[in-house]
Amino acid sequence: MSLFVEDPAYLSKSRLKSDLVAHNVALPPTKSKKEVYVDLHLKHIAHNNAAEFSSDEEDQEEDVADKEEDAEIPDPSCLTDDDLKAALLEHGVKAGPIVASTRALYENKLRRLLQSEGHGCLNGVEKGVLYSDSEEENGEKEDEESGSERAKEETVEQSDQAQQRSSQFPSGSQPVMSSGGSLISSQAFSITQMVKEVESRRSLTTSTDSERELNGSNVQEHWSRSTRLDKPIVDKYTINNQSLYYTPKESPCIRDMKLSQEPVEDMLQEMFPNTEATPTGICATRRRPIKGAAGRPFQYAYPDTPASPTTLERREVERRLVPFQIQILVFVIVACLLYLIYVCVEDYSFSPFVALLDSLDQGSDSEEGPLLQAETQDTPALSGQE
Amino acid sequence: MSSTSQKHKDFVAEPMGEKSVMALAGIGAALGKRLEEKGFDKAYVVLGQFLVLKKDEELFRDWLKDTCGANVKQQGDCYGCLKEWCDAFL
């Protein structure tokens with residue numbers, strides 16, 4: 001219990017007020033001095049502590065537990081749905097609908113949170129426990145959930161952290177310059193191990209990049225340059241020599257400071273090798289597309305719809321047959337030809353047809369002549385009718 | 001993808017419709033029977049519970065454990081199956 005550890009004089013006025021309220025002590029007038037609150041606090045709460053010490057251990061624990069729960073929240077199962085939801089919200093848990101099936105779960109969750117908080121109070125650092133709880137929850141969540149789901153959030157978090165670190169470096173550079181390098185050790189104290197690992201490898205490749213940085217390029221550009229490892233080192237040396245000429249005012253301490261910074265930044269680059277240089281420093285991975293909906297790709301590669309044997313046969317046969325369009329074209333051409341023939345026959349009034357008959361009947365008797373004449377008479381009659 | 005079973009793939013490939021609760025990944029005959037006794041006879045009822053818990057992994061796992069006694073692997077399979085189904089069709 002935190003109360004017998006803390007001296008009321010060190011508590012703030014508002015804290016004293018809340019403690020008094022928790023112990024059902026009548027508050028003094030609002031404008032009274034802190035001393036009044038402290039006295040009341042000492043009287044009542046010290047009195048309670050004395051009572052605790054005098055009683056049995058079990059009673060003591062019960063009293064502590066009861067007081068703790070009274071100070072915090074009553075038993076979760078006695079709460080109404082709304083109260084339960086509010087209690088969970090106080091602990092930073094956004095609860096969904098509290099229905100019959102979900103109530104038990106949320107009660108258990110609240111109990112777990114209360115227990116963890118209670119242990120934290122015994123240690124005397126309530127806020128620290130809250131923070132550690134949230135960190136633990138995050139850690140647990142990251143462990144439980146699959147990497148693919150959280151990878152996006154992690155990259156975003158990491159990029160944010162990287163951004164924060166990168167922003168710290170430029171701010172740190174100025175005091176370093178002013179103090180003359182005394183802060184170099186303090187900056188690099190937490191990452192000296194990684195720096196040593198990286199320094200020997202990167203010192204050559206990054207020395208030129210540090211020069212460019214001083215000329216005003218972004219940190220992101222530096223990262224992108226350091227990724228281009230295929231660049232020949234000879235070019236960098238020549239560029240380095242040139243830049244030395246162009247920036248004669250650089251003092252060696254600044255260069256050393258930059259060199260010490262680069263391994264740190266390159267360490268970051270090592271840690272996040274996949275991050276590309278973006279103008280805003282924000283990396284966002286594409287959301288996994290929704291499968292099965294209109295036009296969006298399926299996650300699983302399923303084979304094409306299997307065709308039945310008859311359809312396969314039909315496809316093969318169709319390949320060998322003459323295409324439909326060509327068939328229609330041929331039909332139309334034939335129809336036109338026939339029509340032309342018919343018209344030609346009409347125009348000449350069967351005269352070629354008659355000529356044919358004449359040629360056939362050349363060797364025939366004259367008896368057929370009147371028949372032919374009758375025919376010729378008939379045909380003009382026919383053509384006349386038409 | 002290497003950790004998803006055939007059951008998972010089958011469930012996630014199409015709308016669940018009237019599938020039984022045993023079609024869910026991680027839910028076999030024993031667990032399915034217990035869920036049915038509690039009233040969760042169809043997969044969509046379990047989906048309802050999953051959605052009411054706002055698709056929260058921890059809460060859903062706890063609920064599964066309390067309701068049918070699923071172990072950690074079964075809980076994870078069922079959660080993953082439902083989550084992916086929701087991503088695809090919800």
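Every chain is numbered from 1, with letters handed out A, B, ... down the list of sequences. All heavy atoms count here, side chains included; hydrogens, waters and symmetry mates do not. Values in this document were obtained by computation on a predicted structure and should not be read as measured data.
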Practice item. Decide side-chain contact (heavy atoms from CB on, under 4.5 Å) for A:Thr102 and B:Leu59; before the verdict, give the C-alpha distance in whole Å, the side-chain angles of both, and the deciding distance to 0.1 Å. Key: CA-CA 9 Å; A:Thr102 62; B:Leu59 287 171; over 6 Å; no
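- In terms of the side-chain contact (heavy atoms from CB on, under 4.5 Å) criterion, residue partners of A:Arg112 (sequence neighbours excluded) are, by chain and number, A:Asn108, B:Glu58, B:Asp62.
- At a heavy-atom separation below 4.5 angstrom, chain A is approached by B:Gln49 within residues 29-51 of chain B.
- Judged as a side-chain contact (heavy atoms from CB on, under 4.5 Å), and not counting sequence neighbours, the contacts of A:Thr310 are A:Ser308.
- Using a 4.5 Å heavy-atom threshold, the side chains of A:Leu105 and B:Asp66 count as touching.
- Residues meeting the salt bridge (charged side-chain N to carboxylate O under 4.0 Å, His left out) test with A:Lys94, sequence neighbours left out: none.
- Smallest separation of non-hydrogen atoms from A:Pro97 and B:Lys54: CD-CG, 4.5 Å.
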